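One structure is given here, and the rest of the page talks about it.
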Amino acid sequence: MKKRGVLIGCGFFSENHLHAWAENDGAEIVAICDLDTNRLATVGDMFGIERRYTNAADMIKAEQPDFVDIATTSASHRSLVELCAPSVGTVICQKPIAESLADARAMVNACKTNGAHLIIHENFRWQRAFMMMKAMIDEGSIGTPHFARFAFRHGYDNYANQPYLAQIERFTIMDVGLHLFDLARHFMGEVERLACTTQRLNPIVRGEDAFTALLQHENGATSVCDCSFYARYSPEPFPNTAAVIEGDQGTLELGRDFKLTLHTKDGAQVLDTEPDVPAWGAKPWHAVQQSVASFQEHVVDVMNGKADPQPSGLNNLQTLKLALAAYEAAEHGVTINIPTWCEDQL
Ligand SMILES: NC(=O)c1ccc[n+]([C@@H]2O[C@H](COP(=O)([O-])OP(=O)(O)OC[C@H]3O[C@@H](n4cnc5c(N)ncnc54)[C@H](O)[C@@H]3O)[C@@H](O)[C@H]2O)c1
């Protein structure tokens, strides 16, 4: 039997959620909610969803869903998660989980107290290339990793689809930085120390549109996470992430053209990690669209008791902590000791 879900927030990115849910065999979206009646009508008509609400509490009470998919921006995440946790068994929340550790911790506690799963829609680790790299590393293909770089650099006009990005005071670290820090933790382990610089390059943005972070992991490994929304490349690489992971037996090198090279003492082996374009999707978004579908398949596995949340709200607290610490590191020109920073809030 399909799990019955509802979606809150019918904005730009929700269309990817709804397309992917529509082709998921284990779940279906039976109702949607948005404060904006125009978006509600547009998205409801687009996906043939008749049950539409402008108030999330009314929807939860009337629909009594198995799961809720929260696709609003972060300012509303805490209140919506706290609203859902008492009666909905699985709560999915888009990244950023929240804007502060206090809010994020409250959301984790609300779900824990009520026995609900809190799963963060952190989809970069669900991109085909990163799933393949994780499997190869787990199989020992490069030995023990000791250095990584995750780079997201482009000049694509994101401000057309997501105009709020130009307005926010905390921009790239809270937007793409969270994805890159999640990858760094996923591949290299927890972080001990962090340093960061930020840049404001495009005059139309209010916050930082580039950053470079240096992470020292608890196991001694080093990672660099860097991002720019003001970098010229041809062809335009958006929205692909380049990555390098070096180990004592070899190196994995992912290009923004989806080519993954395994370098070992025996030479170089090149694999193609490009996913198919979903029937509902389009280039250049197809790797992101595939990751949304893969993430949702994982959520169904969690609901069916076959997997633990990846990442859970509790796990994602550490990623948010790195992002918030990165702002402090950049502002004061200091290296932050992560385990002790804001320890009282965790
Ligand atoms: N994981 C990814 O790859 C990825 C990509 C893009 C965006 N995002 C994230 O998705 C989230 C949404 O981004 P977006 O670009 O779609 O934003 P958006 O502003 O286009 O859409 C948000 C929608 O939520 C609605 N909303 C806000 N508060 C509400 C409430 N209390 N009840 C009902 N509806 C409410 C708004 O009216 C709006 O229609 C953000 O947190 C963003 O960071 C993630």
Side-chain angles (χ1 to χ4, degrees), residues 6-20 29 31-44 46 51-60 63 68-84 91-99 103-104 107 119-128 130 152 154 156-168 170-183 207 227 229 238-241 281 284-296 298-299 310-311 316 319-320 323:
V6 297
L7 178 136
I8 307 174
C10 300
F12 158 68
F13 202 69
S14 73
E15 292 179 24
N16 292 315
H17 290 220
L18 287 165
H19 276 299
I29 296 295
I32 55 175
C33 171
D34 202 295
L35 302 174
D36 179 337
T37 51
N38 289 331
R39 281 304 298 171
L40 197 56
T42 301
V43 170
M46 189 185 295
R51 298 211 284 281
R52 304 170 189 180
Y53 299 80
T54 52
N55 181 298
D58 291 347
M59 177 169 72
I60 298 299
E63 301 293 340
V68 59
D69 190 7
I70 299 172
T72 62
T73 45
S74 53
S76 54
H77 287 175
R78 177 176 174 175
S79 61
L80 290 172
V81 168
E82 288 180 335
L83 168 77
C84 297
V91 180
I92 309 162
C93 182
Q94 254 295 351
K95 50 61 66 174
I97 179 174
E99 290 169 7
D103 282 350
M107 294 159 65
I119 312 177
I120 306 306
H121 188 125
E122 176 43 75
N123 51 323
F124 272 35
R125 61 164 80 181
W126 291 99
Q127 287 182 20
R128 185 161 182 256
F130 291 113
F152 190 94
H154 68 88
Y156 183 84
D157 179 15
N158 279 91
Y159 313 107
N161 285 327
Q162 296 169 277
Y164 61 88
L165 292 178
Q167 307 302 326
I168 47 183
R170 292 185 157 187
F171 173 16
T172 48
I173 294 176
M174 285 298 269
D175 188 53
V176 168
L178 288 168
H179 291 305
L180 303 184
F181 291 153
D182 181 69
L183 288 175
C227 166
F229 278 48
F238 179 85
N240 295 346
T241 306
W285 292 95
H286 53 312
V288 173
Q289 289 163 335
Q290 165 270 310
S291 71
V292 171
S294 296
F295 168 77
Q296 290 178 349
H298 167 68
V299 170
Q310 271 208 58
N316 199 249
T319 298
L320 178 63

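Count residues from 1 along the sequence. In each ligand, atom 1 is the first atom listed, and ligand 1 is the first ligand listed. Every heavy atom of this structure was used, including side-chain atoms; hydrogens, water molecules and symmetry mates were not. Just so you know, these numbers come straight off a predicted model, no measurement behind them.
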Handout entry: Winner among Y164, F13, F295 once heavy atoms are compared against atom 17 (O) of ligand 1
Key =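 Closest candidate by heavy-atom distance is Y164.
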Practice task
Between T42, I97, L35, V292, flag the one that comes closest to atom 31 (N) of ligand 1 by a heavy atom.
Solution key: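 The residue whose heavy atom sits nearest atom 31 (N) of ligand 1 is L35.
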Of the protein's non-hydrogen atoms, which lies at the shortest distance from [atom], and what is that distance?
atom	answer
atom 7 (C) of ligand 1	Q162 NE2, 3.6 Å
atom 44 (C) of ligand 1	Q94 OE1, 3.2 Å
atom 24 (O) of ligand 1	G9 CA, 3.4 Å
atom 39 (O) of ligand 1	D34 OD2, 2.7 Å
atom 1 (N) of ligand 1	N123 OD1, 2.7 Å
atom 20 (O) of ligand 1	F12 N, 3.0 Å
atom 21 (O) of ligand 1	G11 CA, 3.1 Å
atom 35 (C) of ligand 1	T72 CG2, 3.5 Å

Measuring only between side-chain heavy atoms, which start at C-beta, is [X] closer than 4.5 Å to [Y]?
X	Y	result
C10	R52	no
Y156	F229	no
I8	M59	yes
E122	H179	yes
Y164	F171	no

For [X], is at least one N or O under 3.5 Å away from an N or O on ligand 1?
X	result
S14	no
A56	no
R39	no
H77	no
T73	no

Looking only at heavy atoms, is any part of [X] under 4.0 Å from ligand 1, and if so is it the side chain, the backbone, or both, or is it neither?
X	value
H179	side chain
S79	neither
I8	side chain

Kindly compute the distance separating [atom1] ([X]) from [atom2] ([Y]), expressed to the nearest 0.5 Å.
X	Y	atom1	atom2	answer
Q310	R125	CD	CZ	5.0 Å
M46	R39	CE	CZ	6.5 Å
C33	L80	SG	CG	8.0 Å

Exercise for the section: Could you list which atoms of ligand 1 come closer than 4.0 Å to a heavy atom of A71? Expected result: 11 (C), 12 (C)
Handout entry: Backbone of V6 reached by a side-chain donor or acceptor of E63 within 3.5 Å
Key =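 No; zero donor-acceptor contacts below 3.5 Å.
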Practice task
Check the angle between the aromatic planes of F13 and H17 and answer parallel, tilted or perpendicular using the 30° and 60° thresholds.
Solution key: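 Ring orientation, 0 to 90° scale: perpendicular.
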Handout entry: Aromatic ring pairing F124/F152, orientation class (parallel under 30°, perpendicular over 60°, tilted between)
Key =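 If you compare the ring of F124 with that of F152, the planes turn out tilted.
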Exercise for the section: May I ask whether P96 places a heavy atom under 4.0 Å from ligand 1? Expected result: yes
Practice task
Please test D175 against R170 for salt bridge (Lys or Arg N to Asp or Glu O under 4.0 Å), starting from the C-alpha separation and ending with a verdict.
Solution key: CA-CA 8 Å; D175 188 53; R170 292 185 157 187; over 6 Å; no
